[in-house]
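First up is the structure itself, then whatever we jot down about it.
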Amino acid sequence: MNIALLTAAGNGSRMHQDIPKQFLSVDNKPIIVYTMEAFQSHPSIDAIIVVTIDSWKDVLWAYAKQFNITKLKWVVPAVNQDRNPLIMAYRN
């Protein structure tokens, strides 16, 4: 099984927006949906998992339903980067 792992957990703080950049719309469609559609239509991809901001998980599921992203199987909340041991180790 080939699974596409999308990391969409940034909060877009440098953009000074209330909405994380991956959820901003371009031509009436959220950016994250364009990415999911690319993997939805790829014949070698069997499933999609998205790591995102915990408070946006339900929004992501709603977009998947609205845009018929049937390969989305898991939405996982992101770990706080300040407490993630892998990131902390990398920084040191």
Write down the atom of [X], the atom of [Y], and the distance for their closest heavy-atom approach.
X     : Y     : result
Ala8  : Gln22 : O-NE2, 2.6 Å
Ile45 : Lys71 : O-NZ, 2.6 Å
Pro77 : Asp54 : CB-OD1, 3.5 Å
Val51 : Ala78 : CG1-CA, 3.8 Å
Pro30 : Ser25 : N-OG, 3.7 Å

Check whether [X] and [Y] end up in the same hydrophobic cluster, where Ile, Leu, Val, Met, Phe, Trp and Tyr are linked by side-chain heavy atoms less than 4.5 Å apart.
X     : Y     : answer
Trp74 : Leu6  : no
Ile3  : Val50 : no
Ile49 : Tyr63 : no
Leu5  : Val76 : yes

(request) List in chain and number order the residues that pass ring-ring contact (aromatic ring centres under 6.0 Å, His included) with Phe23, two or more places apart in sequence or in another chain; answer none if no residue qualifies. (result)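 Result, ring-ring contact (aromatic ring centres under 6.0 Å, His included) vs Phe23: Trp56.
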
(message) Looking at Asp46, is its backbone amide N or carbonyl O close enough to the side chain of Asn2 to form a donor-acceptor pair, meaning the two atoms are under 3.5 Å apart?
(response)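 Looks like no, no N/O pair under 3.5 Å.
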
(request) Show the numbers, then the answer: is there a side chain to side chain contact (heavy atoms under 4.5 Å, CB included) between Leu72 and Phe39? (result) CA-CA 9 Å; Leu72 181 63; Phe39 289 106; over 6 Å; no

(request) Only pairs at least two apart or in different chains count here, so list each side-chain hydrogen bond (donor to acceptor under 3.5 Å, both in side chains) that has a residue in residues 29-40. (result)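 Qualifying pairs, neighbours excluded: Lys29-Glu37, Gln40-Thr70.
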
